[in-house]
**Q** 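Starting off with a structure, shown below.
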Protein chains: 2
Amino acid sequence: MVKITDVAKKAGVSVATVSRVINRRGNVRKSTEQKVLEAIKELNYIPNFSARSLKTEKTLTIGMIVPDITNPFFPIVFRGAESVVKQEDYTIILCNTFEDEYEEMRYLSILEAKKVDGILLIKAPGRSGNEQYMEKLNTLPIPIVYLDRLPKLQDIPAVVADNIGGGYAATTHLLKLGHRKIAIITVQYPLTVHLERLQGYVNSLRDHNISINKSYIKKGIPTIEEGISLGHSLLSMKDRPTAIFVTNHKMTIGIMRALEIAALECPKDISVVGYDDFDWESVFHPRLTVVAQPAYQMGETAAWLLIKILRDGVDDLPNKKVILSPELKIRESCGIYCQSKSKLKMP
Amino acid sequence: MVKITDVAKKAGVSVATVSRVINRRGNVRKSTEQKVLEAIKELNYIPNFSARSLKTEKTLTIGMIVPDITNPFFPIVFRGAESVVKQEDYTIILCNTFEDEYEEMRYLSILEAKKVDGILLIKAPGRSGNEQYMEKLNTLPIPIVYLDRLPKLQDIPAVVADNIGGGYAATTHLLKLGHRKIAIITVQYPLTVHLERLQGYVNSLRDHNISINKSYIKKGIPTIEEGISLGHSLLSMKDRPTAIFVTNHKMTIGIMRALEIAALECPKDISVVGYDDFDWESVFHPRLTVVAQPAYQMGETAAWLLIKILRDGVDDLPNKKVILSPELKIRESCGIYCQSKSKLKMP
DNA sequence: ATGAAAGCGCTAACAT
DNA sequence: ATGTTAGCGCTTTCAT
């Protein structure tokens, strides 16, 4: 391995000078800089990050903790974050927690040991009995920007989507189509995103003077299988809903499967609004009407925020929390409900 | 920051002893070990990886370079790799190249500087005029395991899928259904995977004595838009194919879109076989018949191979290249072609 | 079983 | 503008 002393020797200068040209510290004559650059190229010298980090306390790497990179929402967020972070020569350690807070804690310790400069954290659902973990999070010596999911902490840097607004938009759309029996399928984890989407649903119903039917509110874990079984329970009700709002992508797939099994057509027999917008959803049938989140932008913004904090500190941040707006994409999975004829029509 | 000397002081031992217990080097009396462990816990000591790496030349991190994490195939591979790598306490730096070899080169230099212990490389397509890069790759001081896409190098550690077999299976399936006018849409990049899938298509046609119609072979870039336009050109032919095999997921979405625009139904009017199997494909319509790759297993296997190399070196590896088999998942996007009646029927 | 001490490759304060 | 040198926190050899 070639090191800085080798370069210095070859160029006929001291290591300090070499270091200066590597780090563009200035105070180097043009001609000596040239010599050094040549030596570097000839020897194929690459500075050793570990050594540099030991001294500077900077690693130029940030950690990103995601619940499930297999959920297509997160790769988009990742790319958004990477696109801004790479401009500052940062690199990302990606950690998958499988929605397990203990796994998250484990990764956090590792990231702390590896001295990443900052962390982009999309939290796993909190475990009861694990509350002291939040304190630890709050006092971690590494800057954290929370992404998508907001923990119960005051005044922390975070980038989230307006989930209440998303839930409200979805429900209101269904209401305007004439639906009155609107169910919601959401995730049982104590996660802000799902709680808020439910809140948006409730708000919309309230605002439109529709009473809330608790049996229309179903919660479960975010898997296809759960979507199927929750779908079944909804579809087999006597007073079956005419529309379903699903706040999770995988459960939406499950619902669609449940509809098929029950030989129900969407949107003819029942309307569905999903969450998150992926490329195939606008092509395959039924084309899903969904609340689309600005995933890429969320990643970008969070990364940008983190870098800003890394540079200037947290304290003089005007607003620590930024909220991005989702967008309702109206496609074909919702039909008009005509009360008089007691059936559904296409819009 | 609490460091090893602090722990030593608190426990009343030397730093050497602390280091021994941390690294489980043995030769420490049970009682002293206990003291050290307590000190570590009380002080909340976390060893500094940078310092350790500087000394040991190991970073316990590996780099993974992927062309596009937004392609749902790669997150699955990532998870597979992570699942084995984490058992050995490695962490993964994920790098997205956007299918750009220059971007890949840039990341490779960074990974080299950061002294990752090994690299999982899913190559971007090679650029002409950039051939000397392969030499550099070959002499990199960091072990590389190639994944999915095989570069033109001899005898390198690699984990790939049997793409010839995949292309053969897809084409043969169509043939058995009675199709004779089978088109293929594939990716124009010089990538083994697509070249081989095309080869499988050709082989199958040859083996069944069907002459190859060059105008049925379309190549383009792997995007939805390109799928649409290539689809158009195929569908507007006088002698339009009765079946299309698409070797890329995004282009498959594009094809389905093109079918809709042309008011053609799948599988009634035309059959389609795609590549890669994602959860929604078995629910939304038309349910795609696809060649499913063992993505997770590919990630696992590659990571396992890399770790083995990290431990034992490359040289005494029995077989450096492992080939995993894909599986044809037959669903509903292919119909039977009845030549006599000159139309398609469902199977 | 334990400790003292020499580096690992680099940066930066200080000297010139 | 350039050089000398003291660490950064850790592992490991060599004594004891």
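The figures that follow rest on heavy atoms only: side chains count, while hydrogens, waters and symmetry mates do not. A note on names: the letters A, B, ... follow the listed sequences, proteins ahead of strands, and every chain is numbered from 1.
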**Q** Could you tell me whether the phosphate oxygens of D:dG3, OP1 or OP2, come under 4.0 Å of any side-chain nitrogen or oxygen in A:T17?
**A** yes
**Q** Mapping A:V15 and A:S31 to their closest nucleotides on DNA chain D, which lands nearer the 5' end?
**A** A:S31
**Q** For B:A16 and B:K55, find the nucleotide of DNA chain C closest to each by heavy atoms; which residue's nucleotide sits nearer the 5' end?
**A** B:A16
**Q** Rounded off to whole Å, could you give me the CG-to-C1' distance for the A:L54 and D:dA6 pair?
**A**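 Between C1' of D:dA6 and CG of A:L54: 13 Å.
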**Q** Charged N to carboxylate O below 4.0 Å: is that the case for A:K123 and A:E101?
**A**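 Looking at A:E101 together with A:K123, the answer is yes, because their closest N to O distance falls below 4.0 Å.
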**Q** How long is the line joining CG of B:N23 and P of D:dG9, in whole Å?
**A** 17 Å
**Q** Determine, for B:E33 against B:K30, whether the closest basic-nitrogen to carboxylate-oxygen distance falls under 4.0 angstrom.
**A**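 Salt bridge flag = yes for B:K30 with B:E33.
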**Q** What heavy-atom pair brings A:K58 and A:D117 nearest, and what distance separates the two atoms?
**A**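 It is CA-OD1, 3.4 Å.
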**Q** Salt bridge or not between B:E82 and B:R79? Use side-chain N to carboxylate O under 4.0 Å.
**A**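 Result for this pair is no, no salt bridge flagged.
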**Q** Taking atom C1' of D:dT11 as reference, at what distance in whole Å does atom CD of B:E57 sit?
**A**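 It works out to 12 Å between those atoms.
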**Q** For DNA chain C, note the earliest and the latest nucleotide, 5' to 3', having some atom under 4.0 Å of a heavy atom belonging to chain B.
**A** C:dA1 to C:dG9
**Q** Just by modelled atom types, is the A:L60 backbone N or O under 3.5 Å from a matching donor or acceptor in the B:K114 side chain?
**A** yes
**Q** Contact list please: residues 42-52 of chain B against DNA chain D, heavy atoms, distance less than 4.0 Å, in numerical order.
**A** B:Y45, B:P47, B:N48, B:A51, B:R52
**Q** Show the nearest heavy-atom pair for residues A:L306 and A:P143, with the distance to one decimal.
**A** CD1-O, 3.9 Å
**Q** Taking atom P of D:dT16 as reference, at what distance in whole Å does atom CG of B:N27 sit?
**A**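 Atom-to-atom, B:N27 to D:dT16, this comes out as 18 Å.
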**Q** At less than 4.0 Å, is any side-chain N or O atom of B:S19 found next to OP1 or OP2 of D:dT12? Yes or no.
**A** no
**Q** Would A:R149 and A:E99 pass as an ion pair if we require N to O under 4.0 Å?
**A**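 Looking at A:E99 together with A:R149, the answer is yes, because their closest N to O distance falls below 4.0 Å.
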**Q** Out of D:dT4, D:dC10, D:dT12, which has the shortest distance to the side chain of B:R25?
**A**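 When the side chain of B:R25 is considered, D:dT12 is the closest of D:dT4, D:dC10, D:dT12.
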**Q** If you count the non-hydrogen atoms of other residues, nucleotides and ligands that lie under 6.0 Å from NZ in B:K321, is the total more than 12?
**A**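 No, NZ of B:K321 has 12 or fewer neighbouring heavy atoms, counting only those of other groups under 6.0 Å.
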**Q** Regarding A:R20, tell me which of base, sugar-phosphate or nothing describes its non-hydrogen contacts under 4.0 Å with the strands shown.
**A**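 Base contact - A:R20 has a heavy atom under 4.0 Å of at least one base atom.
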**Q** Looking at A:K35 and A:E38, does any basic side-chain N land under 4.0 Å from a carboxylate oxygen?
**A**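 Judged by the 4.0 Å cut-off on N to carboxylate O distance, A:K35 and A:E38 do not form a salt bridge.
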**Q** What is the distance from CD of A:Q34 to C1' of D:dA1, rounded to the nearest Å?
**A** 16 Å
**Q** Roughly, in whole Å, what's the span from NZ in A:K35 to C1' in D:dA1?
**A**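 Atom NZ in A:K35 sits about 11 Å away from atom C1' in D:dA1.
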